[in-house]
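Okay, so here's the structure we're looking at.
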2 protein chains.
Amino acid sequence: MRLLLIEDEPELANALSAALKKHGIVTDHTMHLDDAFELTRQNDYDAILLDRRLPDGEGLTFIPKVRRAGTETPIIVLTARNEPLERVEGLDVGADDYLGKPFLVEELMARVRAVLRRPSSLAESSIAVGRMVIDPLHLNVAIASTPFDLPRRELLVLAALAKRKDKTVLRSTLEAAVYNYEEEIQSNALDAHISRLRRRLQDAGAGVAIHNIRGVGYLLREE
Amino acid sequence: MRLLLIEDEPELANALSAALKKHGIVTDHTMHLDDAFELTRQNDYDAILLDRRLPDGEGLTFIPKVRRAGTETPIIVLTARNEPLERVEGLDVGADDYLGKPFLVEELMARVRAVLRRPSSLAESSIAVGRMVIDPLHLNVAIASTPFDLPRRELLVLAALAKRKDKTVLRSTLEAAVYNYEEEIQSNALDAHISRLRRRLQDAGAGVAIHNIRGVGYLLREE
DNA sequence: CCGCGAAGGTTGCGGCAGCATTACGGGGAA
DNA sequence: TTCCCCGTAATGCTGCCGCAACCTTCGCGG
């Protein structure tokens with residue numbers, strides 16, 4: 001899962017990113033609405049966390065803009081101002097939920113989950129490929145119903161591939177699934193993960209293969 | 001197991017929390033319906049105990065509100081008014097059970113368990129792993145059918161792991177299972193519990209292992 | 001059919017974040 | 001009081017993972 005966090009307090013932003021990471025969530029962070037808008041066009045986020053009070057101005061103005069651009073990603077508004085009236089304000093312009101500061105990360109998680117549960121979003125619980133069963137939400141993998149554990153990054157790669165099994169996943173999409181843009185990589189780290197993952201799958205007799213499509217990306221299919 | 005208690009008499013609330021704690025239950029407590037509503041969004045409770053007569057007004061009004069928000073957590077209504085007619089009233093708006101004050105904690109526990117056993121909730125009664133049998137509902141653990149005592153926190157960790165045996169449990173999920181929102185921890189207390197629990201399981205020859213997945217969480221499996 | 005460049009695959013290494021363990025001491029229960 | 005739980009912190013260690021060097025495969029053009 002991947003979130004975009006639009007927040008100008010670096011301290012809060014860092015704490016939040018770290019906490020979300022514990023939930024297996026990759027977080028991109030920016031404090032500028034323009035950057036944020038670009039990021040929504042480049043990436044397919046599962047949800048957006050939006051602060052209202054930003055150096056660029058009122059965060060809410062961001063919502064109509066992205067909606068007009070066709071982005072339907074759920075938006076959760078974060079703010080210190082938590083009056084009922086303002087709550088309505090946010091929801092009226094197209095926010096999906098509203099969260100007053102300070103809040104617990106658990107609360108945020110619950111709201112993210114709630115928002116993702118809504119009919120529009122397609123949160124699949126479990127995907128079967130070959131002899132494997134992959135649950136990308138809980139980050140579980142099993143082969144022939146015995147658990148199979150993987151390092152974090154390889155797990156994220158596999159989950160991203162499984163979500164679109166038999167379909168090609170762009171290289172950039174995979175990178176996005178595993179890294180946030182602060183952790184930019186200057187090498188073939190992704191290739192390395194793929195390689196190690198392949199070996200692990202092979203050794204375990206997973207009955208799946210990660211197939212490369214030159215210049216485009218990868219796909220996961222049965223052997 | 002984790003409950004939300006909505007009750008305005010501090011004395012009763014404290015006594016109840018303490019009593020439930022002895023049963024290994026983590027309890028969050030509030031006396032305001034608004035707070036309670038927020039809490040249901042923050043946490044995934046196993047059940048909610050709801051007083052009818054509250055400073056905010058009639059407790060029953062709370063039920064449709066949370067149900068509309070998509071929360072399916074079982075609700076047990078506590079009240080001094082225990083007339084049959086009022087009982088129907090509570091159940092009609094979506095309560096799962098009804099308990100007249102005063103009551104024995106044992107009775108409350110029995111009702112909580114009963115409510116959790118219902119088909120909708122997926123509370124398994126008993127889980128077998130290795131040479132152990134774990135009942136996360138009664139918080140009983142036995143090794144080779146002789147009872148096995150554990151300290152409270154370690155018991156909660158083990159129960160949380162057992163409920164998802166052979167599947168990874170996120171670190172954050174474990175933290176939520178063991179601590180309520182007042183008890184924030186600032187150290188590696190969870191790691192310490194895991195370590196001590198491992199040693200105990202080892203010494204007892206439980207035939208199970210708690211396995212770590214770096215950067216993700218833990219899982220319980222047979223050795 | 002062959003050559004060549006670019007994309008992908010593989011692998012060892014080193015740094016370091018995350019985990020394991022343990023001793024210590026406060027505090028609560030019997 | 002005594003015992004044990006359990007939070008804290010210090011210490012050591014493990015193995016993930018980014019990196020880079022080197023090798024293999026692919027596809028195109030001649």
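Reminder, nothing fancy here: chain letters follow the sequence lines and each chain counts from 1.
For B/R153, the side chain to side chain contact (heavy atoms under 4.5 Å, CB included) test picks out B/V178, B/Y179, B/E183, B/H193, with sequence neighbours left out. Residues satisfying the side chain to side chain contact (heavy atoms under 4.5 Å, CB included) criterion with A/D35, sequence neighbours excluded, are A/T30, A/H32. For B/D46, there are no side-chain hydrogen bond (donor to acceptor under 3.5 Å, both in side chains) partners at least two apart in sequence or on another chain.
The CD1 atom of A/I213 sits 11 Å away from the P atom of C/dG9 (whole-angstrom rounding). The interatomic distance linking B/H193 (NE2) with C/dA20 (P) rounds to 14 Å, in whole Å. One can place CD of B/E154 at 14 Å from P of C/dA20, the figure rounded to the nearest angstrom. Distance B/R198 CZ to D/dC6 C1': 18 Å, rounded to the nearest Å. In this structure, A/D191 places its CG atom 17 Å from P of D/dT24, rounding to the nearest Å. Per the geometry, CG belonging to A/L156 stands 11 Å off P belonging to D/dG18, to the nearest Å. In this structure, A/R171 places its CZ atom 8 Å from P of C/dG9, rounding to the nearest Å. Going from atom CD of B/Q202 over to atom P of C/dA20 covers 14 Å, rounded to whole Å.
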Legend entry - Protein-to-nucleotide contact annotation, 5' to 3' order, nucleotides 22-30 of chain C [B base; S sugar-phosphate only; - none; under 4.0 Å, heavy atom]: BB-------
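Residue A/A189 is classed as a sugar-phosphate contact, given heavy-atom separations below 4.0 Å to backbone atoms only.
Side chain of B/S195 to backbone of B/D191: no donor-acceptor contact under 3.5 angstrom is found. At least one donor-acceptor pair closer than 3.5 Å links the side chain of B/K165 to the backbone N or O of B/A128.
Taking the nucleotide of DNA chain D with the nearest heavy atom to each of B/L190 and A/R153, the more 5' of the two is matched to B/L190.
Contact annotation: the side chain of B/R164 never approaches that of B/T173 to less than 4.5 Å [non-hydrogen atoms, C-beta and beyond]. Between A/P147 and B/H211, every side-chain heavy-atom pair lies at or beyond the 4.5 Å cut-off.
In this structure, B/I25 CD1 and B/R152 CZ are separated by 10.5 Å, a value rounded to the nearest 0.5 Å.
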Could you tabulate the donor-acceptor pairs under 3.5 Å formed by side-chain atoms of residues 213-223 of chain B, not counting sequence neighbours?
from: B/R221; atom 1: NH2; to: A/D149; atom 2: OD2; distance (Å): 2.6
from: B/E222; atom 1: OE2; to: B/G130; atom 2: N; distance (Å): 3.3

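The side chain of A/R214 places no N or O atom within less than 4.0 Å of a non-bridging phosphate oxygen (OP1 or OP2) of C/dG5. For A/Y218 and C/dG8, the shortest distance from a side-chain N or O to OP1 or OP2 is not below 4.0 Å. Within the structure, every side-chain polar atom (N or O) of A/Y179 is placed at least 4.0 Å from both OP1 and OP2 of D/dC17.
Considering only side-chain atoms of B/N212, the nucleotide from C/dC19, D/dC6, D/dC17 that sits closest is C/dC19. Closest to the B/S187 side chain, of the nucleotides C/dG9, D/dC6, D/dT8, is D/dT8.
The overall bend of the helix from C/dC1-D/dG30 to C/dA30-D/dT1, read as the angle between its terminal helix axes built from five base pairs each, is 40° when rounded to 10 degrees.
Inspection of the A/N140 and B/T168 side chains reveals an N or O donor paired with an N or O acceptor under 3.5 Å.
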